[in-house]
Amino acid sequence: MKIQNLAVIFIIIILPISLTLSSYTKSQMQTLNLQISYDSKLDNATYDALKAFQLNTKNSSTSDIANSKLRDIEASVNSFFNSLSSNFNMAGYNQSILKTFVPALVYTMYDGYYIYSPYTNDLTSLSDEEKSKLQSNTKATYHNGDRITGLKPYIHYSCRYVKGNIDVVITYSLDNYITVQGTVGGEAVYKYGYLLDNVQVNGEDVYYRDLEIESEALTQYADDDPMDNGEVPYVKINGIKYYQDKFNSDSSKRNDWYSILNGEKINSDMKYKTNNEAAKQYYKEANEFSNWVKVNLVNLTGDDAVDENGDHTLTQRFGNGKIFDFGDKNDAIEDFDSDFNQHRLAVIRYSIEKNLSIAIANYNNYSSVQTNFQMPDLREDEWTKIINNVSIISFMQGLNIGGKVYNGYSIITNTKNEEVVTDESIYLVDNEQFYKPTDNSLDNSTTYIGVLNIDFDRRIALNDGTDITKYFFPKKQLASYSSIVNQFGENNIENDTYKNNIYKYIDSKGGNIAKAYYTALGRERYSMYKSHTNTDRRTFGTERKYEDDGLRAAYNHL
């Protein structure tokens, strides 16, 4: 056979294969490019949602109160869908269409989380009187059986434990704060507090890790005053800051106090001491609560956790070791690698994973999209981000991207918010700069003050009667170059000596660095909003000791 004939036969055979492969390769590349593009659009929308939540909570003194928090989250959800529709506008998807491809949004908070997804409005659990009122209300927004897309009730990071005469539900949080409800030794208990080792209390003297915790005089800027009068004394109670009106033109009011709500000055009829005792109270009450746990719950193990049916089936998830492993300075319960913290994180993950899987699977009953909505497998590093920070998790599934169906998710975390004070939320400041506590340039010959990281972000200034929105910074120090750019050094927390244990790292520094850090950490955690601090009865059946009658009245008022 002539060589020309063989060449023709080769071309006839190879050309269709080559064209097919070329078309397939092009299609796969287009699919991959679309997937990358959609991942980016979903990340951007999720970031916008978290940024909206962050901005709303920073500029609202009521952001930690339930109704206000719901408002901020709903505004964040709207930001997510607005951003998503803007990003997908060129692809031909509007907001109403895109919503059908989003089975769930998750907002993880301090001690629980919200899931935004469809659900059926069920009024069967209401009393006959309540049902009658709703049925007769012609203006009611929703009725029994209506399918609604919105925020489901808040789910706490909780687990039930049954052992002998102990039957309790423990609610965990993003730090070492827990709430205990149930019965111990046949008696009902409702107790809450922080778990800490290494606290010594001698009368009014308080020590943590051999460092004396003392009272403070705190000051910061309260407004963008054109005269720049300087910082003013303040106290923070239950998440709300109260400022001394020391520069009031009326000299008779210069010892008055006020708070700021969305740029408006709210005068207070309370008087406060500028000698802040919050840090000392944090360690004293944590020590008292920890001692109660040592006596009553110290023998609880992961084996004692029960599921919703009361069965001991969670050992595989939670292990069988002791939960409350109190130790010493080298093996403290507040350390990240303690058995308590590992169990706490396992409970948080199990709760989110279980309820989110159900919410996404149930979306198949509501959606008209022809796809099987299901919970994706998240990587271990992604779970680490979720269970250690306030975060938003978004899901988008079912979009056709050519060669396959798009199933994507995005996780965006927020380490600067009013919701939680983590180990990394504290910065140390001198007269000119602020530093991360792990900054190698920190020197114990300098006196530092610990400050919450969000106090270096801008806030809305007091309304001056115009329509112009002005801003100010509560603290005006600039960031240390070595904290922002050169974060790694020979003594960095990530090396083998400290293994990401910030407590051991801070202990190695000692002196002014450690004292300022631990004082600020206690003060800010104690000053956070918690619903329990709205009462004047404390965990252990005794009245809380307040700095003065004005402070007691403030807590009762809140």
Side-chain angles (χ1 to χ4, degrees), residues 108-114 153-197 282 285-327 332-355 383 386-388 419-422 525 528 530-533 535 537-541:
T108 62
M109 298 288 127
Y110 177 64
D111 58 357
Y113 54 98
Y114 290 99
Y154 194 63
I155 305 172
H156 289 276
Y157 306 131
S158 298
C159 185
R160 181 185 174 193
Y161 303 86
V162 178
K163 181 174 186 175
N165 62 2
I166 299 175
D167 187 350
V168 295
V169 173
I170 298 179
T171 298
Y172 298 93
S173 66
L174 295 182
D175 55 29
N176 51 323
Y177 185 89
I178 66 170
T179 302
V180 182
Q181 289 180 277
T183 58
V184 176
E187 295 185 1
V189 296
Y190 178 46
K191 302 183 181 295
Y192 39 84
Y194 289 90
L195 297 175
L196 288 178
D197 278 315
Y282 168 80
E285 294 185 13
N287 183 59
E288 191 174 4
F289 177 69
S290 297
N291 288 336
W292 180 87
V293 173
K294 290 177 184 178
V295 172
N296 295 278
L297 303 179
V298 72
N299 291 322
L300 283 183
T301 69
D303 262 340
D304 302 319
V306 298
D307 58 21
E308 62 272 17
N309 299 317
D311 298 325
H312 294 267
T313 61
L314 300 176
T315 303
Q316 186 175 358
R317 295 298 299 259
F318 301 153
N320 56 9
K322 274 191 175 183
I323 299 171
F324 302 107
D325 56 332
F326 290 95
I333 195 169
E334 62 265 32
D335 290 347
F336 181 79
D337 57 354
S338 69
D339 289 345
F340 163 74
N341 268 314
Q342 296 309 304
H343 179 82
R344 173 182 66 86
L345 296 176
V347 170
I348 294 175
R349 173 173 174 172
Y350 175 75
S351 177
I352 295 174
E353 199 170 23
K354 178 183 175 183
N355 287 288
W383 276 115
I386 293 169
I387 60 184
N388 284 292
E419 182 75 14
V420 59
V421 178
T422 68
R525 285 185 171 175
M528 285 173 56
K530 292 187 179 70
S531 58
H532 307 306
T533 53
T535 62
R537 300 294 295 182
R538 295 303 287 167
T539 301
F540 304 95

Do Y194 and D175 touch side chain to side chain, with heavy atoms closer than 4.5 Å? yes
Is the shortest side-chain heavy-atom distance between I352 and W383 below 4.5 Å? yes
Hey, does the side chain of N341 reach the backbone of D335 with a donor-acceptor pair shorter than 3.5 angstrom? yes
For the residue pair Y113 and I348, establish whether any side-chain heavy-atom pair is separated by less than 4.5 Å. no
Using side-chain heavy atoms (C-beta onward) and a distance below 4.5 Å, is K294 in contact with N291? yes
What's the shortest heavy-atom distance between Q342 and F336, and which atoms? NE2-O, 2.8 Å
Evaluate whether atom CD of E187 has more than 12 neighbouring non-hydrogen atoms of other residues, nucleotides or ligands under 6.0 angstrom away. no
For the student: nearest non-hydrogen atoms of F324 and L300, plus distance: CE1-CD1, 4.3 Å
Are F340 and F326 side-chain neighbours, meaning at least one heavy-atom pair lies under 4.5 Å? no
Please tell me if the side chains of Y161 and L297 come closer than 4.5 Å, counting only heavy atoms from C-beta onward. no
Taking every non-hydrogen atom, the tightest pair across D307 and L314: N-CD1, 4.0 Å
For the residue pair N176 and R525, establish whether any side-chain heavy-atom pair is separated by less than 4.5 Å. yes
Would you call R160 and V168 a side-chain contact if the rule is heavy atoms closer than 4.5 Å? no
Mind telling me whether Y177 and Y110 have parallel, tilted or perpendicular rings, with 30° and 60° as the class edges? tilted
T171 and Y192 side chains, donor-acceptor separation under 3.5 Å: no
